[in-house]
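Below is one structure, written out as structure tokens; the observations come after it.
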Protein chains: 2
Amino acid sequence: MPTEDEPAAERISDAEHAVMEALWQRSPQSAAEVCDVVAGARGWSMPTVKTLLARLVAKGALATQPEGRRFLYTPLIERSAYLGTESRRLVDRLFGGRAAPLFAHLAENEQLTDDDIAEITRLLRELRK
Amino acid sequence: MPTEDEPAAERISDAEHAVMEALWQRSPQSAAEVCDVVAGARGWSMPTVKTLLARLVAKGALATQPEGRRFLYTPLIERSAYLGTESRRLVDRLFGGRAAPLFAHLAENEQLTDDDIAEITRLLRELRK
DNA sequence: TGGTTATGACTACACCTGTAGTCTGAACGC
DNA sequence: GCGTTCAGACTACAGGTGTAGTCATAACCA
């Protein structure tokens, strides 16, 4: 396959992730808008959010597009890709790279409704086909 | 309930986790023994492992017991508890606290053998009972 | 046209983490 | 008894992260 130069997924930190989440929800957004969303929820000041945005841009996780006097921010990496690398990280670190033990752990320790269970069971059945 | 003063699960870092893993495998062990196990695998020097051990003791994750001139280290927190908090963290951060979406994500994106699937399905069926 | 304001850029700083070096003291061999 | 050695304690230090303050500038309003 041709060397993909996908956004280089440069480790997104916890706080940064909150910002990404806001932009995955809706994008593009200005810094002020993102601020409205996350600053309240996490008790951050505007400068903090600005810093996080700047770092995400530096990491190649966000694209900027000038709009009048300010910037609009858009995610460059997809949420699903992020979920993928993060859950993979967990599986690698904690479960020797195999998803099955994590599955087992979750099944035993997390609250699953009957609906959840039915849904997952269905998913698995499809996989086996 | 009486204020439990359980080991205070003070966030174990990545490198520290490698040390814990060695001690979960077998304990108690001396620093030198732990070193033999992890230093090779991760390319760490003896002082590095010593530091990690000291930090883990400071965090209350390891107990020490003097044995002659040196210490023997024993985990104070259980591996399963650690797996629990870590996977919970992931679920909270990435999947809004619900395990089901993580399940779905794993089912769709991770390699599961037919045996894995059968096993998980069985687990789920038991849960539903 | 000049002051005000909003915005991004730059700077700051403490704490955590990964990684390692040095010091000190106790035990062990001769 | 005395030097050697080994273990733990203390120190170090760069890079990342969380959190925020300040500055420069461009746009807008009066």
First of B/K50 and A/R69 reached from the 5' end of DNA chain D, by closest nucleotide
B/K50
In whole angstrom, give the distance that lies between atom CD of B/E10 and atom P of C/dC15.
14 Å
Could you work out which one of D/dT19, D/dC10, C/dT17 sits closest to the side chain of B/K59?
C/dT17
What's the CZ-P distance between B/R70 and D/dC6, to the nearest Å?
12 Å
Rounding to 0.5 Å, atoms CG (A/L94) and OH (B/Y82) come to a distance of 5.5 Å
Pick base, sugar-phosphate or nothing for A/S13, based on heavy-atom distances below 4.0 Å to the nucleic acid.
sugar-phosphate
Main chain of B/T113, side chain of B/D116: is a donor-acceptor contact present, judged purely on distance under 3.5 Å?
yes
Figure out the CD/P separation between B/E67 and C/dA27, and round it to whole Å.
13 Å
Would you mind telling me which residue lines up with the more 5' stretch of DNA chain D, A/R55 or B/P47, judged by nearest nucleotide?
B/P47
Please state how far atom CD in B/E16 lies from atom P in C/dT17, giving the value in whole angstrom units.
6 Å
For A/D36 and C/dA6, what is the distance between atoms CG and P respectively, to the nearest whole Å?
13 Å
Between atom CE in B/M46 and atom P in C/dT22, what is the gap in whole Å?
16 Å
Select base, sugar-phosphate, or nothing to describe what B/A31 touches, counting heavy atoms under 4.0 Å on all strands.
sugar-phosphate
I'd like to know if B/W24 and B/L72 are part of one continuous hydrophobic network [Ile/Leu/Val/Met/Phe/Trp/Tyr, side-chain heavy atoms within less than 4.5 Å].
no
Donor-acceptor pair between A/T51 and A/T48 side chains, under 3.5 angstrom
no
What distance separates B/L53 CG from B/L62 CG, expressed to the nearest 0.5 Å?
6.5 Å
Given C/dG18, D/dG21, C/dG8, identify the nucleotide with an atom nearest to the side chain of A/S45.
D/dG21
Quick one: A/W44 CH2 to D/dT19 P, roughly how many Å, whole number?
6 Å
Whole-Å distance, B/L72 CG to D/dA7 P, equals 12 Å
Which part of the nucleic acid, if any, lies within reach of A/S30 when heavy atoms closer than 4.0 Å are counted: base, sugar-phosphate only, or nothing?
nothing
